[in-house]
Amino acid sequence: MVESEENKTETTTTRPEFPTGRIKRIMKLDKDTNKVNADALFLVSSSTELFLRFLAEKSAEVAIEKKRKIVKLDHIRTAVKRHHPTSDFLLDSLPLPAQSSEKPASDNTSARTVTDKPAPAGTRRIDQFFAKAASEEVPVLINES
């Protein structure tokens with residue numbers, strides 16, 4: 001009986017939490033990638049899920065340290081800064097923290113958003129993938145009969 005339960009757990013595969021079609025499209029953004037193997041797609045999906053779980057746990061720890069119930073961008077930035085391998089690639093992509101309402105905004109030109117920074121040669125930003133192209137925007141026609 002114990003062996004049959006072990007076999008059931010070995011044969012059942014876990015389904016990724018993220019939509020595989022979207023992950024596949026993101027992977028194909030790389031010009032060198034023509035086809036994506038199902039195993040590679042599963043591994044990227046699983047590693048993305050693990051990374052986001054890790055980031056959420058570390059951000060929640062920072063929020064708890066600051067005696068907050070809601071995780072905010074500042075908590076995520078702090079968690080990323082504490083974990084050096086993550087900060088190497090992710091810190092530049094996170095938006096800058098907003099100024100608190102107590103301090104007046106002195107100059108809007110000093111606060112640069114992430115999209116203002118030029119991407120390195122041969123790379124594209126992920127937000128370009130999710131932005132609608134101008135050709136995709138089709139006006140909606142309404143028949144008034």
Practice prompt. Kindly give the heavy-atom pair with the smallest separation between Lys28 and Val36, and that separation in Å.
Written response: CG-CG2, 4.1 Å
Fill in: Any side-chain heavy-atom pair of Val44 and Ile26 under 4.5 Å
no
Practice prompt. Compare all side-chain heavy atoms of Glu17 with those of Leu52 and state whether any distance is below 4.5 angstrom.
Written response: no
Discussion item. Quick one, His75 and Arg68 - any side-chain contact, counting heavy atoms below 4.5 Å?
Written reply: yes
Worksheet item: How many angstroms lie between atom CG of Leu91 and atom NE2 of His83, to the nearest 0.5 angstrom?
Response: 13.5 Å
Worksheet item: Under 3.5 Å, side chain of Ser45 to main-chain N/O of Leu41, donor-acceptor pair present?
Response: no
Discussion item. Would you compute the distance between atom CG of Leu90 and atom CD1 of Ile76 and round it to the nearest 0.5 angstrom?
Written reply: 9.0 Å
Response to the item:
Value for CG (Leu29) from NZ (Lys24), rounded to nearest 0.5 Å, stands at 13.5 Å
Discussion item. Is there a path of hydrophobic side-chain contacts, each under 4.5 Å between heavy atoms of I/L/V/M/F/W/Y residues, joining Phe51 to Ile23?
Written reply: yes
Practice prompt. Determine, stepwise, if the pair Thr78 / Lys66 fulfils side-chain contact (heavy atoms from CB on, under 4.5 Å).
Written response: CA-CA 11 Å; Thr78 304; Lys66 294 186 177 186; 4.0 Å; yes
Discussion item. Any carboxylate oxygen within less than 4.0 angstrom of a Lys/Arg side-chain nitrogen, looking at Glu57 and Arg53?
Written reply: no
Worksheet item: Does some side-chain heavy atom of Arg82 sit less than 4.5 Å from a side-chain heavy atom of Val62?
Response: yes
Item to complete: Give a yes or no answer on whether the side chain of Arg77 reaches the backbone of Pro95 with a donor-acceptor pair at less than 3.5 Å.
Response: yes
Item to complete: Kindly compute the distance separating CG (Leu55) from CG (Leu50), expressed to the nearest 0.5 Å.
Response: 12.5 Å
Worksheet item: Do you know which two heavy atoms are closest between Ala63 and Ile70, and how far apart they sit?
Response: CB-O, 4.3 Å
Discussion item. Check for me, please, whether Met27 and Phe18 land in the same ILVMFWY cluster - side-chain distances under 4.5 Å, paths through other members count.
Written reply: yes
